[in-house]
Asks: 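Let me give you the structure first, and then I'll get to my questions.
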There are 2 protein chains.
Amino acid sequence: MAKDDSADGEVRAPAFVNAKMVAERAGVSRSAVSRTFTDGASVSKATRRKVLEAAEALGYHVNHLARRLNERSNIVCLIVSDMTTPIRAGMVDALTRRLQAAKKITVVINTQSDTDSVSSALRQTLHYRADSTVVLSGTPAPSLIEMALANGQQVILINRDEALPGCEHLSVDNAMAAREAVYLLRRAGCSNLGLVTSTANTASLIAREQIFVATAAAAACQVNVIAAGPTGYEAGGEAARRLFGRSNGPDGVFCTTDLLALGFMDTARREFGLRIPDDLSIIGFDDIEQAGWQSYRLTTFAQPLEAMAAEVAARLTGRQVTAPRQAIFEPVPVWRKSVRPCVMT
Amino acid sequence: MAKDDSADGEVRAPAFVNAKMVAERAGVSRSAVSRTFTDGASVSKATRRKVLEAAEALGYHVNHLARRLNERSNIVCLIVSDMTTPIRAGMVDALTRRLQAAKKITVVINTQSDTDSVSSALRQTLHYRADSTVVLSGTPAPSLIEMALANGQQVILINRDEALPGCEHLSVDNAMAAREAVYLLRRAGCSNLGLVTSTANTASLIAREQIFVATAAAAACQVNVIAAGPTGYEAGGEAARRLFGRSNGPDGVFCTTDLLALGFMDTARREFGLRIPDDLSIIGFDDIEQAGWQSYRLTTFAQPLEAMAAEVAARLTGRQVTAPRQAIFEPVPVWRKSVRPCVMT
DNA sequence: ATTTAATTTGCACGCGCGTGCAAAAAATTC
DNA sequence: GAATTTTTTGCACGCGCGTGCAAATTAAAT
């Protein structure tokens, strides 16, 4: 009959230690405990020490969930798809590091699965009162973003050029890269250009394509545009098959993504016996790690991931009031060996 | 002076809608609202409808942070390093999807940065009352894990063979793969074996190495072991340089990681003119996407990521009571072109 | 129409915590 | 040593929510 108040059967996991328990052990009031862990609160040296000792002994951690039930939660919701893609993995890596350093809690929502589960997940972050959302996904349902905005979240879009009102935009200067690509290929002596992209109609990809085509046109240069599937290695290979399957294949190609470029290179070489850069110059975009591998040595444009991630962290830590709604980062050209060296005249 | 469109006068973001506001609008008590969003609670059809309408109109989301301040939070803490590595990216991808489907909230902690920030981050998840921790990181400080355990969290370790008491372990059968690798190479006619690994002393890598060496020894077969740096493409290349720099290089190599294998292949081919698989057979481990690229066509062992992630999700959704503390998954051999076909006698 | 059973509703309390307020203690001044 | 100021402490309240309990309403059974 000895009814034990605390965890009688030991069935339950040991509950979290709370401030009251610490207070009892330290022989002070619960408020004293609370104040010890609150910056700028008034506690005497002695009490503070007693509290810290008791907390240490008991393994106490302040419950942030209960801290201020209605104030900012410091939770950031990161919406991302195609996480296995090297460039995305790099972004997630950089962001999680920077946000962590900024004392934020990063909740990841993977939009790979069906939209149903995604909207359910976003709803979850609302349930958990995330106070900001960072979108990396290529195609997040606009309604999801509206929901986030409607709930007062700060929303930052990365590499999405559509001007969604209320959001902040960070992106790479696609136009600059596309123009530079035309220039590089022309300088390498290419006369028949190709543009390889994917069927995924993301704003970034479209921008790279359109500016490239327009710039080439301005230089009186013909461009073959190919989109042969979802962004990735496979689609690059398929594009090569289509481009070189007919006569008069290009001698200079800009791929809107490194992954496309690598697939393109592989089948251009293996299935059509082309030498790079002798017969064919190729330029990519992203500068994923694989682009530097010996089999590829791809000339490409690097996205300044660290700088972008740092900017996100900065905007999320309060001082975003005066920051312009949009920030554009310069891609940095990475010269490797996939473009024929300029023939000096 | 035209002041900006949206929410300018109000400096503060619109506060979250709470149950009380919904109750007022619906003309019912706050309890009724609460019950509407609680499974199995008793509410009449009519009230329920009124509440749902009001909630919809106001954009209400239950505040899970306040739900049961002392019960399970459904927050999972995912500790991971080397996130840009394809295999890790794949794991994170699979896990986030499965956990999401299981209605969990995934908080990512990136242990890439200094240990200081890591332990601070883990402490954060304690602050946020995560009720479980999944460890992917190669080298998480044991003290971190102890802290998690001490706070009653369920801890699942992936591909870490050390028997930490109180943790659950999921891992791939490294021994099986290593034995199979010896067998495959022998069958391909290789007589001089090599094992390429990294200087990162993770349990998985050590297991693959030791079993490979032991199995080869049992077959009276000599093995050169090389560890030339941190796990990655570069270290693979460096290993090739060391192995083939001296005379009597191996004709069959097992790399403990695909990334090592790919780097190894590239420099073996380019710097030493070796043909694969004619002069040299190579086997990797992980089956990252790049292993299937045309430049490599690497024979390797795939980690059953989906199965493992599903198991994690299952263990985290309650029924783990009877589950054995450890589960071992069979790697599935992926036959490609980097091992010389068996010469029929 | 009454009695009884079943269902719904509102009130009040507590979860863990931060904080305003006033009492208590300590430090400073006269 | 007394009066004053400064600091520290405890009490009590509220944050948004779930839930036990009893009152109120409805449905079912006489």
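Remember, predicted model here, so these are calculated numbers, not experimental data. In what follows, every chain begins at residue 1, and chains take the letters A, B, ... in the order their sequences are listed.
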Asks: In whole Å, what is the span from the CG atom of Asn18(A) to the C1' atom of dG16(C)?
Replies: 7 Å

Asks: Expected output is a numbered-order residue list: members of residues 26-34 of chain A with a heavy atom under 4.0 Å from any atom of DNA chain C. What is it?
Replies: Arg30(A), Ser31(A), Ser34(A)

Asks: Quick one: pull up CE in Met83(A) and OG1 in Thr111(A) and give me the separation to the nearest 0.5 Å.
Replies: 8.0 Å

Asks: Please confirm whether Tyr128(B) and Tyr128(A) have ring centers closer than 6.0 angstrom.
Replies: no

Asks: With sugar-phosphate meaning primed atoms plus P, OP1 and OP2, does Phe37(B) contact a base, only sugar-phosphate, or nothing at under 4.0 Å between heavy atoms?
Replies: nothing

Asks: Just how far is it from atom CD1 of Ile158(A) to atom NE2 of His169(A), taken to the nearest 0.5 Å?
Replies: 11.5 Å

Asks: I need the single residue from Lys104(A), His64(A), Arg129(A) that forms a side-chain hydrogen bond (donor to acceptor under 3.5 Å, both in side chains) with Asn74(A). Which is it?
Replies: Lys104(A)

Asks: Distance check needed: dG16(D) C1' versus Leu126(A) CG, whole Å only.
Replies: 16 Å

Asks: Side chains of Asn110(A) and Asp93(B): is there a donor and an acceptor less than 3.5 Å apart?
Replies: yes

Asks: Given the structure, check if the side chain of Arg35(A) and the base of dG10(D) hold any donor-acceptor pair shorter than 3.5 Å.
Replies: yes

Asks: Please collect all salt bridge (charged side-chain N to carboxylate O under 4.0 Å, His left out) contacts where either partner lies in residues 24-49 of chain A, sequence neighbours excluded, each pair once.
Replies: Arg49(A)-Glu53(A)

Asks: Are Glu168(A) and Gln154(A) close enough that a side-chain donor and a side-chain acceptor fall under 3.5 Å?
Replies: yes

Asks: Would you mind reading off the distance between Glu24(A) atom CD and dG16(C) atom C1', rounded to a whole angstrom?
Replies: 14 Å

Asks: Within a strict 4.5 Å, meaning less than it, do heavy atoms of the Leu78(A) and Ile109(A) side chains meet?
Replies: no

Asks: Does Tyr128(A) put a side-chain nitrogen or oxygen below 4.0 Å from OP1 or OP2 of dG16(D)?
Replies: no

Asks: Could you tell me whether Glu311(B) and Arg98(B) have a side-chain N and a carboxylate O separated by less than 4.0 Å?
Replies: no

Asks: Is there a side-chain contact between Val80(B) and Val108(B) in this structure, where contact means two heavy atoms from C-beta onward sitting under 4.5 Å apart?
Replies: yes

Asks: dC17(D), OP1 or OP2 - any side-chain N/O from Asn63(B) closer than 4.0 Å?
Replies: no

Asks: Show each protein N/O and nucleotides 24-26 of chain C N/O combination with a separation under 3.5 Å, one pair to a line.
Replies:
none

Asks: Just how far is it from atom SG of Cys167(B) to atom CG of Leu149(B), taken to the nearest 0.5 Å?
Replies: 4.5 Å

Asks: Expressed as a whole number of angstroms, how long is the span from Asp39(B):CG to dG18(D):C1'?
Replies: 13 Å

Asks: Specify the angle, to 10°, made by the local axes at the two ends of the helix from dA1(C)-dT30(D) to dC30(C)-dG1(D) when five pairs are taken at each end.
Replies: 30°

Asks: Kindly give the atom pairs (protein nitrogen or oxygen, nucleotide nitrogen or oxygen) under 3.5 Å for nucleotides 23-29 of chain D.
Replies:
none

Asks: State, without any angle test, whether Ser31(B) and Ser34(B) hold a side-chain donor-acceptor pair at a distance under 3.5 Å.
Replies: no

Asks: Using side-chain heavy atoms (C-beta onward) and a distance below 4.5 Å, is Leu52(A) in contact with Thr36(A)?
Replies: yes

Asks: So which of residues 41-53 of chain A are in contact with DNA chain D, with a heavy-atom cut-off of under 4.0 Å?
Replies: Ser42(A), Val43(A), Ser44(A), Thr47(A)

Asks: Are Met147(B) and Leu126(B) packed together at the side-chain level, in the sense that at least one heavy-atom pair is separated by less than 4.5 angstrom?
Replies: yes

Asks: Rounded to whole Å, please give me the gap between CZ in Arg129(A) and C1' in dC15(D).
Replies: 12 Å

Asks: Using distance alone, with no hydrogens and no angle criterion, decide if Gln153(B) and Thr133(B) have a side-chain donor and acceptor under 3.5 Å apart.
Replies: yes

Asks: Please evaluate residues Leu136(B) and Val92(B) with respect to the criterion side-chain contact (heavy atoms from CB on, under 4.5 Å), reporting the C-alpha separation (whole Å), side-chain torsions for both, the decisive distance (0.1 Å), and the verdict.
Replies: CA-CA 9 Å; Leu136(B) 289 184; Val92(B) 173; 4.0 Å; yes

